[in-house]
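Contents: one structure, followed by commentary.
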Amino acid sequence: VPAASTSVAIPLLGVAIGAGFTPEIVRQMPSWWPTILGLVLFLPLVHWLCYRIFLLSPHVSAPTAFYSAVPGGLVESVRMGEEAGGDVQMMTLLHLMRLIACVIFIPLGMGLITGQSLSTTGLASPVSEFLPRHLPEMLAVILVGLIAGRLLRLPAGYFFGPLLASVIAHGAGWTTFLMPGWVIIVAQIVLGAGLGARFAGMPRAKLGIALKMTLYSAVVIYALAAIAALLLGQISGLSPYAIFLAYAPGGIVEMSLIAMAMNQNAIFVSCHHLLRIMFAIISIRILRPEGLRGANSTAAAEAQAEDLRP
């Protein structure tokens with residue numbers, strides 16, 4: 001999948017989600033504090049449990065397990081893991097499979113529980129309602145958002161920049177457009193194909209190990225997220241489904257898309273995932289075991305690679 005395709009699709013989705021910003025969401029924001037506080041407690045627990053699960057495999061070294069278990073920040077986690085001597089390919093695989101597991105299992109599970117089918121109607125408009133004057137407005141929002149995301153150095157700025165610009169433009173009443181449904185569908189297809197393409201050339205042995213570890217850790221993550229969603233839903237009065245989507249450590253764009261498709265509050269979910277990445281990156285430096293501080297486990301990583309060769 002050409003990189004240019006995802007470079008276009010992701011800002012479009014950010015703008016589409018930002019277009020759902022309403023005064024009702026502003027009124028709800030003060031009730032978000034229990035879920036934000038819960039996220040601070042939830043993330044270290046998930047990180048530690050996944051770390052212990054990954055260590056069960058003899059093919060996964062301690063640095064690889066620790067940085068693969070970080071519930072967010074794929075690029076930063078893999079970079080720091082490489083510096084500590086971790087297996088870059090295995091870390092990348094485990095992070096990607098965690099993301100893909102969320103994309104596959106969460107919509108299916110929530111669909112079975114709620115009986116609701118996925119749609120893009122919440123933040124989309126029929127083609128006939130997207131007028132010619134809306135095109136330059138949309139392009140201006142995307143351009144301003146991309147520049148803002150770069151200048152502010154936002155995590156996933158290519159997504160959050162346009163989302164923030166769209167929130168401001170729609171909230172201030174400067175524009176009222178909604179993204180045509182077909183644009184959102186095409187963007188979803190591009191992102192899905194892009195995820196699958198990342199597995200090209202990966203060794204089968206590593207794929208099998210990563211898949212097994214991902215399934216084990218997914219059970220733990222989803223169980224904890226469900227418990228947190230039920231408890232925090234009672235405390236905050238917010239939708240447990242939206243809280244679950246906000247806590248499930250998938251990709252920012254993908255989880256926001258799922259929220260949109262399930263007619264949940266995509267702004268709420270997006271904001272929590274932005275905080276998730278920030279908290280996760282900060283917690284790496286705080287929670288990192290003493291033995292991994294400045295450690296270089298290159299020999300261990302090479303031994304793993306040797307074990308996995310056919």
Could you state the interatomic distance from [atom1] ([X]) to [atom2] ([Y]), rounded to the nearest 0.5 Å?
X    : Y    : atom1 : atom2 : result
L13  : L257 : CG    : CG    : 4.5 Å
L139 : L12  : CG    : CG    : 8.5 Å
Y158 : I10  : OH    : CD1   : 5.0 Å
H272 : F268 : NE2   : CZ    : 3.5 Å
K212 : I53  : NZ    : CD1   : 13.0 Å
L96  : T214 : CG    : OG1   : 9.5 Å

Quick one: does [X]'s side chain get under 4.5 Å of [Y]'s, heavy atoms only?
X    : Y    : result
W32  : L238 : yes
H273 : V253 : no
S239 : N265 : no
L108 : I104 : yes
I168 : W174 : yes
F105 : L215 : yes

Consider only side-chain heavy atoms of I, L, V, M, F, W and Y, link residues closer than 4.5 Å, and tell whether [X] and [Y] are in one cluster.
X    : Y    : result
L152 : I147 : no
L211 : V219 : no
L164 : I142 : no
L163 : I36  : yes
I209 : L56  : no

- Message: Evaluate Y241 against I113 for side-chain contact (heavy atoms from CB on, under 4.5 Å), listing each step before the verdict.
- Response: CA-CA 10 Å; Y241 298 117; I113 293 170; 3.8 Å; yes

- Message: Ring centres under 6.0 Å, that's the criterion: do H170 and F177 meet it?
- Response: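 Centroid distance H170-F177: below 6.0 Å, so yes.
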
- Can the ring centres of Y51 and H47 be said to be less than 6.0 Å apart?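 So the answer is no for these two rings.
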
- Candidate list I243, I235, L231, test side-chain contact (heavy atoms from CB on, under 4.5 Å), partner P34, passing option: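 Among I243, I235, L231, the one meeting side-chain contact (heavy atoms from CB on, under 4.5 Å) with P34 is I235.
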
Is a side-chain N or O of [X] found less than 3.5 angstrom from the main chain of [Y], in a donor-acceptor match?
X    : Y    : result
S166 : A19  : yes
Y247 : I221 : no
R98  : P71  : no
S57  : F54  : no
S256 : A266 : no
Y222 : C102 : yes

- Neighbour count above 12 (heavy atom, 6.0 Å) for R79 CZ: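 More than 12 heavy atoms, drawn from other residues, nucleotides or ligands, come within 6.0 Å of this atom.
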
- Other residues, nucleotides, ligands: >12 heavy atoms within 6.0 Å of M29 CE: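 Correct, the count exceeds 12.
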
Closest non-hydrogen atom pair between [X] and [Y], with its separation:
X    : Y    : answer
P162 : V15  : CB-CG2, 3.8 Å
L146 : P11  : CD2-CG, 4.0 Å
L99  : G251 : CG-N, 3.6 Å
L55  : V60  : CD2-O, 4.3 Å
P44  : L39  : CD-O, 4.4 Å
G86  : M91  : C-CE, 3.8 Å

- Task: Test M110 against L245 for side-chain contact (heavy atoms from CB on, under 4.5 Å), laying out the working first.
- Result: CA-CA 10 Å; M110 290 185 67; L245 292 174; 3.6 Å; yes

- Query: Given Y67 and V88, is the side-chain contact (heavy atoms from CB on, under 4.5 Å) satisfied, shown in steps?
  - Reply: CA-CA 10 Å; Y67 291 100; V88 172; over 6 Å; no

- side-chain contact (heavy atoms from CB on, under 4.5 Å) between M255 and I106, worked out: CA-CA 9 Å; M255 298 311 299; I106 290 176; 3.7 Å; yes

- Decide whether S31 and S236 meet the rule of one side-chain donor and one side-chain acceptor closer than 3.5 Å.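 No, no side-chain donor-acceptor contact under 3.5 Å.
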
- Task: Scan side-chain atoms only and decide if H95 and S68 contain a donor-acceptor pair under the 3.5 Å cut-off.
- Result: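 No, no side-chain donor-acceptor pair sits under 3.5 Å.
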
